[in-house]
Undergrad: 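Following this message is one structure expressed as structure tokens.
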Amino acid sequence: CVDQLLEVSYVLSQGCSLHPFSLFGSVLLTCPTAGLASMVASSRSYADFTPEKVDLHRLEEGPPLTATLTREEGLKYYRTMQTIRRMELKADQLYKQKIIRGFCHLYDGQEACAVGIEGGITLSDHLITAYRAHGYTLTRGGTVREIMAELTGRRGGIAKGKGGSMHMYTKNFYGGNGIVGAQVPLGAGVALACKYLGNDQLCVSLYGDGAANQGQIFETYNMSSLWKLPIIFICENNQYGMGTSVERSSASTEYYKRGDYIPGLRVDGMDVLCVREATKFAADHCRSGKGPILMELQTYRYHGHSMSDPGVSYRTREEIQEVRSKSDPISMLKDRMLSNNMASIEELKEIDIAVRKEIEDAAQFATTDPEPPLDDLCSHIFANDQPFEVRGATPWTKLTSTS
Amino acid sequence: WKFLPSPQRNSGALLAGRPVNVRDALNQAMDEELERDERVFLLGEEVAQYDGAYKVSRGLWKKYGDKRIIDTPITEMGFAGIAVGAAFAGLRPICEFMTWNFSMQAIDQVINSAAKTYYMSAGAQPVPIVFRGPNGSSAGVAAQHSQCFAAWYGHCPGLKVVSPWNSEDARGLLKAAIRDDNPVVFLENELMYGVPFDLSEDVLQKDFVVPIGKAKVERRGTHITLVSHSRCVGFCLDAASVLAKEGVECEVVNLRTIRPLDVDTIEASVMKTGHLVTVEGGWPQYGVGAEICARVMEGPAFNYLDAPAVRVTGVDIPMPYAKILEDHSVPQIKDIIFSVKKVLNM
């Protein structure tokens, strides 16, 4: 296996002038306005969990091997990933206190995927995913408050308490889908609408390694290719579909090749920059009218499949620990920023504190906001309709549905 | 109503007073709605270059082209999902199932992705989609191609389910369905496609719609209420003609919509006649007739019943192939007459 050198150049965006960088060695400048050390060029090779490389399928070339991270972007990605992390851990806590009930599929470990993808598209693009969706609800414009209040089933929830963990929606974000694989053709339909309306937008359609064997996904590969739909298929391969490892579920575990005639690429899903660059590359491919493209992100979830799964009967604690210590996406970004003097430890700690506070406030809201009113029970059956009667549990219980 | 031979088979201009068959009524309705709203488009197997497996979409591809009339591969689950996704993103798809039997491949997308989404999203995500195609028994197509899905889809909140009988129903309900911002299951009937009906001037207006959720009394009567949908409405009217000669006046209610069920019209009729027979092509257990009887039991009309309400249904078996067997698997006019007389104790 070849370790490719990844040249990473960091550019300070605080108004300092740009300097040419070299492949090897570092150049340090002080920037009078920011007072921090500034532009650095460094080269690094990664030999840990996933070697730094891009695997390509039916592509002559892949995303660039250099990624430029500005300080502003770094801090933004750090904060968003940390927010997702802490939000999911808080959800874990609330679930164990039985304040959240039902299904709760947590995303901690996979933060770099949601954040990296969003870095490669815009909010006017579209995205749809499966049930492990809290992270995406956030990156797609939801707030922690309304996400948590949805988990606790309150009226201030993003779906007013009607949807729950798996059914959260924002503008250009179509959930949150409970049926494994169903979201993929839905995403292609959104992409069809983009092409139909000629708006240069695209749709990112996500699914896991477990879903990757679903027949309807192959049906979608076919139609998307035939009709050259602007869709990015993304397989978040976290190695396990519930308790079934990829080796036990899939005759071919090279998910980026499963699209066959669809070009594909596979990158390290724990590295937010890799994810971002791959997404940008894929987005360019779509927007140039070439049709669909498939990305596989190799990632990992720390929690079990859901809150009812301890997550250790089908994998070892050692494995989880190893990923945590060697490939944690947030640590990776933090180390990178610290060692390149793009931020100080204190600064990042401040972000941590601010995030913690945001989560606490949101949890406070989520546990004190009242439940939805019973009047809301039957509403939202039909859009733009007259109110109508709904049969209750008995023939004498006549309820009303409003749009 | 009268059965008139259809003078012309192709869908040319529809003139008031000239008979229009159900196929042409559907075709014309889609044509007008495609023209009216650019977001409307049709997808399904063979809808474009083949002109539709049953020719319902004849001429539309020639007129509107590849962008708006889309031939799909034989992948119902995939293309139904694509249709729903397109509706999420603001288009107004008409998704054709070649027959509703094939919808079982895609039923998850109809129910879980289309029907439930407006509710789950608390009103954030409407789904303006029409699923349409022929439903129920045909002629000699055997068990896997003959099932009626009215009860299956009629069971689900979040769906509107309509079942037109004649050309006026077909035209008006399809326009209403396409203009509705919600998922509509549109159950056609293959054996009705070629049957012509006179259409009045009003019905031929471009904005003519039949409201979803309203039944129509096709024939007034005083002795007994017959409630039916789709092709069986015709059989009820035939039975009513025969019974009239024996002095029995049947009131025939054409449901037009399976869900929401127009209980008010049914109850008003039963309260007038005191007797009820439901007639449907589908199987008896947990069917449309069962629901109608349950509703009548639970409402004010019960006190007006002079006899138990009964159901005339398809026979509770998979559809056989041989003609003699098939004929005896579906409700016939004699079954309706027999049941009416039983209920009236004649």
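Just so we're on the same page: letters track the sequence lines, and every chain starts at 1. No experiment lies behind these values; they were computed from the predicted model shown.
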Undergrad: Could you report the tightest heavy-atom contact between A:A193 and B:L91, atom names first, then the distance?
TA: CA-CD1, 3.6 Å
Undergrad: Check this for me: B:K206, atom NZ, are more than 12 non-hydrogen atoms of other residues, nucleotides or ligands nearer than 6.0 Å?
TA: no
Undergrad: Nearest 0.5 Å please: distance from the SG atom of A:C203 over to the CZ atom of B:F88.
TA: 10.5 Å
Undergrad: Look at B:A122, B:G299, B:G81 and state which one has the largest set of heavy-atom pairs under 4.5 Å with chain A.
TA: B:A122
Undergrad: Using side-chain contact (heavy atoms from CB on, under 4.5 Å), reason through B:M120 and A:K162 one step at a time and then give a plain yes or no.
TA: CA-CA 5 Å; B:M120 293 190 294; A:K162 304 288 269 290; over 6 Å; no
Undergrad: Check whether any side-chain heavy atom of A:H167 lies under 4.5 Å from a side-chain heavy atom of B:K116, and answer yes or no.
TA: no
Undergrad: Please flag which part of A:I381 lies under 4.5 Å from any non-hydrogen atom of chain B: side chain, backbone, both or neither.
TA: both
Undergrad: Tell me, yes or no, whether the heavy-atom count around A:F103 atom CZ, taken from other residues, nucleotides or ligands under 6.0 Å, exceeds 12.
TA: no
Undergrad: Excluding sequence neighbours, so at least two apart, what forms salt bridge (Lys or Arg N to Asp or Glu O under 4.0 Å) with B:D180?
TA: B:K160
Undergrad: Is the CD atom of B:E298 crowded by more than 12 outside heavy atoms at less than 6.0 Å?
TA: yes
Undergrad: Are any of the side-chain heavy atoms of A:L192 and B:F41 separated by less than 4.5 Å?
TA: yes
Undergrad: In terms of heavy-atom proximity below 4.5 Å to chain A, should B:R39 be classed as side chain, backbone, both, or neither?
TA: backbone
Undergrad: Starting at CG of A:N222, measure out to OG1 of B:T72 and round the result to the nearest 0.5 Å.
TA: 10.0 Å
Undergrad: Which answer fits B:N112, side chain, backbone, both or neither, if we ask what part of it has an atom under 4.5 Å from a heavy atom of chain A?
TA: side chain
Undergrad: Enter the distance from A:E219:CD to B:I74:CD1 here, rounded to the nearest 0.5 Å.
TA: 11.0 Å
Undergrad: Answer yes or no: is there a side-chain heavy-atom contact under 4.5 Å between A:P185 and B:Q109?
TA: yes
Undergrad: Measure A:I217 against the heavy atoms of chain B and call it side chain, backbone, both or neither at under 4.5 Å.
TA: neither
Undergrad: Other residues, nucleotides and ligands only: do more than 12 of their heavy atoms fall within 6.0 Å of CZ on A:R287?
TA: yes
Undergrad: In sequence, state the C-alpha distance, the side-chain angles, and the governing distance for A:W227 and B:I82, and then conclude on side-chain contact (heavy atoms from CB on, under 4.5 Å).
TA: CA-CA 12 Å; A:W227 301 335; B:I82 284 177; 4.2 Å; yes
Undergrad: Among residues 384-398 of chain A, which ones touch chain B with a heavy-atom distance under 4.5 Å?
TA: A:N384, A:D385, A:R391, A:P395
Undergrad: Is the CZ atom of B:F208 crowded by more than 12 outside heavy atoms at less than 6.0 Å?
TA: yes
Undergrad: So which bits of residues 131-160 of chain A come within less than 4.5 Å of chain B, counting non-hydrogen atoms only?
TA: A:A159, A:K160
Undergrad: Which heavy-atom pair separates B:D108 from A:A182 by the least distance, and what is that distance?
TA: OD2-CB, 3.7 Å
Undergrad: Might you point out which heavy atoms bring A:A383 and B:N182 nearest each other, and give the distance in Å?
TA: N-OD1, 2.6 Å
Undergrad: Would you mind checking which part of B:Q105 comes under 4.5 Å of any heavy atom in chain A, side chain (CB onward), backbone (N, CA, C, O), both or neither?
TA: neither
Undergrad: Contact part of B:I70 toward chain A, heavy-atom cut-off under 4.5 Å: side chain, backbone, both or neither?
TA: side chain
Undergrad: Determine the minimum heavy-atom distance between B:P73 and A:L226, stating which atoms define it.
TA: CG-CD1, 4.0 Å
Undergrad: Using side chain to side chain contact (heavy atoms under 4.5 Å, CB included) as the criterion, list what pairs up with B:T99, not counting sequence neighbours.
TA: B:Y54, B:N101, B:F102, B:P134
Undergrad: Can you tell me how far the CD atom of A:Q183 sits from the OG atom of B:S113, to the nearest 0.5 Å?
TA: 9.0 Å
Undergrad: Determine whether A:F218 and B:T75 satisfy the following criterion, side-chain contact (heavy atoms from CB on, under 4.5 Å), listing intermediate values before the conclusion.
TA: CA-CA 10 Å; A:F218 293 86; B:T75 49; over 6 Å; no
Undergrad: Keeping the roles fixed (side chain from B:Y118, backbone from A:S403), state whether a donor-acceptor pair exists under 3.5 Å.
TA: yes
Undergrad: Locate the shortest heavy-atom distance separating A:L197 from B:A89; write the atom from each residue and the value.
TA: CD1-O, 4.3 Å
Undergrad: Quick one: closest heavy-atom pair of A:Y196 and B:K67, and the distance?
TA: O-NZ, 2.9 Å
